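Atom set for the values below is all heavy atoms of this structure, side chains included, hydrogens, waters and symmetry mates excluded. All values derive from a computational prediction rather than experimental measurement.
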Amino acid sequence: MEWDLDGALATQLENTLQKQEYKVVEIRQNIMTLSEPTKTFREMVIQGRLVHEENPLLDWCVSNAYQYSDTNENIRLSKKNKDDSQRIDLLSASINCMARLIAFDELPQDLTDMVLSEEFGF
């Protein structure tokens, strides 16, 4: 099992997990790390391969996000204003999960079985 986290302000958590001998992986929150998983996540939603069933919190997070693009067409999601209280955390966590799935080269045709398996989460 591994713990994936945004390293910002998470040093104590990371140290605690490492002392308990968990594998800890930092998901860097920058455009180079998040572009591919964001594009893959979006494409899977469009194709109907990734579906959520009426989750008001996720809907709210999606409505608070905007896509930032650089000159090379890399993308990442962000809050509309960095000081905004309108959060995107659930959506960001989903993109982080996609980053790890891509890293493991384990993108199944249907994510439902993976998410519902006992190995997913704890």
Side-chain angles (χ1 to χ4, degrees):
M1 178 196 317
E2 74 177 39
W3 286 76
D4 305 321
L5 52 90
D6 170 356
L9 306 174
T11 304
Q12 183 177 2
L13 175 61
E14 183 174 0
N15 290 339
T16 299
L17 292 170
Q18 286 175 341
K19 285 178 186 172
Q20 295 176 15
E21 299 185 7
Y22 286 107
K23 179 180 178 181
V24 178
V25 177
E26 179 181 354
I27 309 289
R28 297 181 62 101
Q29 302 298 296
N30 61 44
I31 200 163
M32 294 309 298
T33 301
L34 298 176
S35 184
E36 181 182 7
T38 303
K39 289 176 180 179
T40 301
F41 185 90
R42 178 181 59 199
E43 188 61 30
M44 289 182 78
V45 169
I46 291 168
Q47 293 172 353
R49 293 173 51 203
L50 187 61
V51 179
H52 81 87
E53 296 180 1
E54 299 181 26
N55 182 315
L57 182 56
L58 181 57
D59 287 342
W60 181 69
C61 289
V62 169
S63 73
N64 294 331
Y66 85 98
Q67 177 180 299
Y68 170 81
S69 302
D70 69 8
T71 57
N72 295 317
E73 298 182 11
N74 294 307
I75 63 171
R76 71 174 175 82
L77 300 178
S78 183
K79 294 186 293 181
K80 294 174 183 160
N81 178 337
K82 71 176 188 152
D83 298 323
D84 200 339
S85 64
Q86 305 298 305
R87 312 303 292 184
I88 65 168
D89 298 49
L90 204 57
L91 179 58
S92 295
S94 300
I95 300 298
N96 289 346
C97 290
M98 184 62 68
R100 293 306 293 154
L101 287 170
I102 290 170
F104 283 117
D105 196 27
E106 292 185 10
L107 281 179
Q109 285 298 314
D110 181 1
L111 291 175
T112 304
D113 290 338
M114 177 181 282
V115 171
L116 295 177
S117 74
E118 291 193 22
E119 288 84 34
F120 194 86
F122 59 97

Which donor-acceptor pairs under 3.5 Å do side chains of residues 22-30 form with protein atoms, sequence neighbours excluded?
{"unit_1": "Q29", "atom_1": "NE2", "unit_2": "I27", "atom_2": "O", "d": "2.7"}
{"unit_1": "Q29", "atom_1": "NE2", "unit_2": "N96", "atom_2": "OD1", "d": "3.2"}
{"unit_1": "N30", "atom_1": "OD1", "unit_2": "M32", "atom_2": "N", "d": "3.1"}
{"unit_1": "N30", "atom_1": "OD1", "unit_2": "T33", "atom_2": "N", "d": "2.8"}
{"unit_1": "N30", "atom_1": "OD1", "unit_2": "T33", "atom_2": "OG1", "d": "3.0"}

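- Closest of all the heavy-atom pairs between A65 and L91 is CB-CD2, 3.8 Å.
- Counting heavy atoms from C-beta outward, L90 and N55 have side chains that approach closer than 4.5 Å.
- In this view, T16 and Q12, Q20 satisfy the side-chain contact (heavy atoms from CB on, under 4.5 Å) rule, not counting sequence neighbours.
- Here the side chain of D6 pairs a donor or acceptor atom with the backbone of A8 at under 3.5 angstrom.
- Under the ring-ring contact (aromatic ring centres under 6.0 Å, His included) criterion, no residue pair touches residues 53-87, with sequence neighbours excluded.
- Cluster partners of I75 are absent, since no Ile, Leu, Val, Met, Phe, Trp or Tyr has side-chain heavy atoms less than 4.5 Å from it.
- In this view, D4 and R100 satisfy the salt bridge (Lys or Arg N to Asp or Glu O under 4.0 Å) rule, not counting sequence neighbours.
- Put simply, I31 and I95 are part of two different groups of oily side chains (I, L, V, M, F, W, Y) that touch within less than 4.5 Å, one to the next.
- Across C61 and D89, no two heavy atoms sit closer than the pair SG-N, 4.0 Å.
- Here salt bridge (charged side-chain N to carboxylate O under 4.0 Å, His left out) pairs that include residues 33-46, with residues two or more places apart or in two chains, number zero.
- With a 4.5 Å cut-off on side-chain heavy atoms, L77 and L34 do not count as touching.
- Residues in residues 61-81 take part in no salt bridge (charged side-chain N to carboxylate O under 4.0 Å, His left out) pair, two or more places apart or across chains.
- Hydrophobic clustering (side-chain heavy atoms under 4.5 Å, transitive across Ile, Leu, Val, Met, Phe, Trp, Tyr) groups V45 together with I102.
- Every side-chain contact (heavy atoms from CB on, under 4.5 Å) that S92 has, sequence neighbours left out, goes to I88.
- By the side-chain contact (heavy atoms from CB on, under 4.5 Å) test, L13 is found to be paired with L5, L17, residues two or more places apart in sequence or in another chain being considered.
- For residues 26-56, the set of pairs meeting the ring-ring contact (aromatic ring centres under 6.0 Å, His included) definition, not counting sequence neighbours, is empty.
- Within the model, atoms OG of S78 and CG of N64 stand 11.0 Å from one another, a figure rounded to the nearest 0.5 Å.
- Scanning for salt bridge (Lys or Arg N to Asp or Glu O under 4.0 Å) contacts around D59 gives an empty result, with sequence neighbours left out.
- Environment of CG in L9: sparse, with no more than 12 heavy atoms of neighbouring residues, nucleotides or ligands closer than 6.0 Å.
- How far CG of L57 is from CZ of R87: 11.5 Å, rounded to the nearest 0.5 Å.
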